[in-house]
Amino acid sequence: MQLNLSELTSKKNLLAFSAGVDSTALFFLLKENEINFDIAIVNYNLREESKEELEYAKTLAKKHDKQIFIKELTLTGSNIEKKARDIRYNFFEEIIMENDYDNLITAHQLNDKLEWFLMQLSKGAGLVELLGLQEYIDKENYKIIRPLLHTSKQKLEEFLKENSIKYFVDKSNFEDKYRRNYFRHEFSNRFINEFENGVSKSFDFLQKDLKSLNINYTPIFKEKSLTIFKNLHDENLNIKVIDKHLKKEGFLLSKAQRDEILKQQQTVISNQVSVCISDEFIWICPYVIKTMNKKFKEFCRINKIPKLARAYIFNRKIDEKKIVKTIYS
Ligand SMILES: Nc1ncnc2c1ncn2[C@@H]1O[C@H](COP(=O)(O)OP(=O)(O)OP(=O)(O)O)[C@@H](O)[C@H]1O
């Protein structure tokens, strides 16, 4: 089985454990590879078996001397999948902050990666979105690591059966209720069973292509609500960076707004956000009107701080010399 565990060695790891095929297999694979970890489980009380699953998690934790973090609730209403995910990740973050974990490990596998890919493909997506399920994600205070992304569900099932390890099958996955399950049952499981190696290799090639595009989503300067990125000198990449940043801030750009940004290079979106693409940088900040003194304006002109970003910098007293020093260094 192809597992990349190097990032987990000698670290404090938390495994998101659901007692299903994937996370049960991962539990034992981590043990087999002498990786230290504790577990966290959320019981939404959506299914009768969830109580047994929780009991199983407790038993495993006790037997293998792991700490276990449990959240119990009764989930109701609509949009269950999203609600469950939000609750789950918030719970994991709380545990990580309170207990100083380095990594959150989830048991997503190759079938999940293809399902994600197909779901994005069905909606209309580019390379970044198609490859959205990533092996490593850097969060502010920890990493999310998915060591099973090269391993098929079938292989994990075989591993569990060969070693007579108990696991639970999530029945909700059998109802073609959600779009993802349509892809799972109609297509991706059969496809992976037949072409596992090719699919895994293709994802690696695509990942390398994505890396070559060198899309840098990390700002080179951030203070208050002013964010500055490097100009990537490619319209498609620049708009991706802007789009992603604004999405994170809760601002969804329309196609017309994206076109406007690229056409004007300096523009105000919905009377709220200034977006400026200068020769070397992309500047994003709230749109503000403010009278500025001559000295400040002159400094901005000389140092190519775009007009639409100036009032915000002045108003919020962000040190303009510090900006210039940082971005030109
Ligand atoms: N109830 C749960 N408690 C703890 N961990 C869970 C739970 N459900 C899922 N996980 C973790 O998340 C992984 C993915 O689970 P699943 O495929 O069911 O979720 P998903 O809808 O793809 O969620 P997401 O992609 O948002 O993590 C599991 O392998 C497991 O590591």
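The analysis underlying the following values was restricted to heavy atoms, covering all of them including side chains, and did not include hydrogens, waters or symmetry mates. This is a predicted model, so every value here is computed, not measured. As the structure lists them, so they are numbered: ligands from 1, and atoms in each ligand from 1.
- By the 3.5 Å distance cut-off applied to N or O atoms, Asp22 is not counted among the residues near ligand 1.
- Heavy-atom distances between Trp116 and ligand 1 stay at or above 4.0 Å for every pair.
- The shortest N or O to N or O distance between His108 and ligand 1 is below 3.5 Å.
- Interface of Phe92 with ligand 1, defined as ligand atoms under 4.0 Å from a residue heavy atom, comprises 4 (C), 5 (N).
- At under 3.5 Å, a nitrogen or oxygen of Ala107, whether backbone or side chain, sits near a nitrogen or oxygen of ligand 1.
- A salt bridge links Glu53 with Arg47: at least one charged nitrogen is closer than 4.0 Å to a carboxylate oxygen.
- Between Phe168 and Tyr56, the distance from one ring center to the other falls under 6.0 angstrom.
- For a threshold of 3.5 Å applied to N or O pairs, the pair formed by Ser23 and ligand 1 contains no separation below that value.
- Every atom of ligand 1 is numbered from 1 in the order shown, and the set under 4.0 Å from a heavy atom of Ala40 is 4 (C).
- Formation of a donor-acceptor pair under 3.5 Å by the Lys83 side chain with backbone atoms of Ser78 is found in this model.
- A salt bridge links Lys143 with Glu7: the distance from a Lys NZ or Arg NE/NH1/NH2 to an Asp or Glu carboxylate oxygen falls below 4.0 Å.
- Of all atoms in ligand 1, numbered sequentially from 1 with element shown, those under 4.0 Å from a heavy atom of Thr106 are 31 (O).
- Every atom of ligand 1 with a heavy atom of Phe17 under 4.0 Å away is listed here by number and element: 3 (N), 4 (C), 5 (N).
- Comment: Lys12 does not engage Asp100 in a salt bridge, judged by the lack of any side-chain N to carboxylate O separation of less than 4.0 angstrom.
- The backbone N or O of Ile239 lies less than 3.5 Å from no partner atom in the side chain of Asp243, so there is not a single donor-acceptor pair.
- For a threshold of 3.5 Å applied to N or O pairs, the pair formed by Val42 and ligand 1 contains at least one separation below that value.
- Note that Lys321 lies in the cation-pi zone of Phe299, set by a 6.0 Å cut-off to the ring centre and a 45° limit from the axis.
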